[in-house]
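As the structure is a computational prediction, the values presented were derived from the model and not from experiment. The figures here come from the full heavy-atom set of this structure, side chains too, leaving out hydrogens, waters and symmetry mates.
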Amino acid sequence: MLWGGPAYTERPPLSLPPVFGYKEYKHLASQHVFAVRGTDGAHVTKLLDFRDIADDVLHRPISRSVPVIQMGDLPEPARLNAILQEPVAILRKSAAMP
């Protein structure tokens, strides 16, 4: 098993702030008004807890003695869907404007 393999797929959503006009994810989570206001904002805020794991996967040396990050260590899909669906909602809204 690739050490941290599943977490490699989860790190890109945490790099989306520039798409929304923010420099850091924590600013996106605290300041952006999401299309589904209450729940999506809460999901995105919860992803902040995963940031350390995602960064760890990218920066920790590979070794047999390092614990393996597994699927159970990853955030729930609903949390990831909230951040991934928001750019689509923004694009749809801007395409509908004259």
Side-chain angles (χ1 to χ4, degrees):
M1 177 180 188
L2 174 63
W3 183 87
Y8 285 113
T9 63
E10 309 303 329
R11 182 59 172 82
L14 297 173
S15 299
L16 283 175
V19 172
F20 297 96
Y22 298 96
K23 289 185 179 182
E24 295 185 36
Y25 188 86
K26 64 183 177 184
H27 297 140
L28 167 66
S30 66
Q31 298 172 12
H32 184 73
V33 177
F34 288 86
V36 180
R37 294 178 190 263
T39 56
D40 282 0
H43 288 312
V44 170
T45 300
K46 282 290 200 180
L47 284 175
L48 283 169
D49 296 337
F50 177 71
R51 181 74 186 232
D52 293 342
I53 294 172
D55 287 346
D56 187 31
V57 167
L58 292 177
H59 302 292
R60 184 184 292 224
I62 296 174
S63 166
R64 292 196 183 275
S65 64
V66 176
V68 175
I69 293 178
Q70 300 175 359
M71 291 301 290
D73 299 320
L74 303 180
E76 297 84 1
R79 301 198 191 288
L80 294 168
N81 288 341
I83 189 70
L84 294 173
Q85 291 175 2
E86 187 67 10
V88 174
I90 291 170
L91 289 172
R92 284 183 181 153
K93 185 177 180 180
S94 66
M97 292 181 179

Hydrophobic cluster membership, Leu84 vs Tyr25, 4.5 Å side-chain cutoff: yes
Nearest-0.5 Å distance that lies between atom CZ in Phe34 and atom OG1 in Thr45: 7.5 Å
Pairwise side-chain contact, Ile90 with Val19, heavy-atom cut-off 4.5 Å (strictly under): no
Atom pair CD1 (Ile83) and NE2 (His32), whose distance is rounded to the nearest 0.5 Å: 7.5 Å
Nearest atoms (heavy-atom pairs only) where His43 meets Ala82: CB-CB, 3.7 Å
Ala29 backbone acceptor or donor facing Tyr22 side chain under 3.5 Å: no
Spacing of Leu48 atom CG and Lys26 atom NZ [to the nearest 0.5 Å]: 9.0 Å
All pairs passing salt bridge (charged side-chain N to carboxylate O under 4.0 Å, His left out) where residues 78-96 contributes a residue, at least two apart: Glu76-Arg79
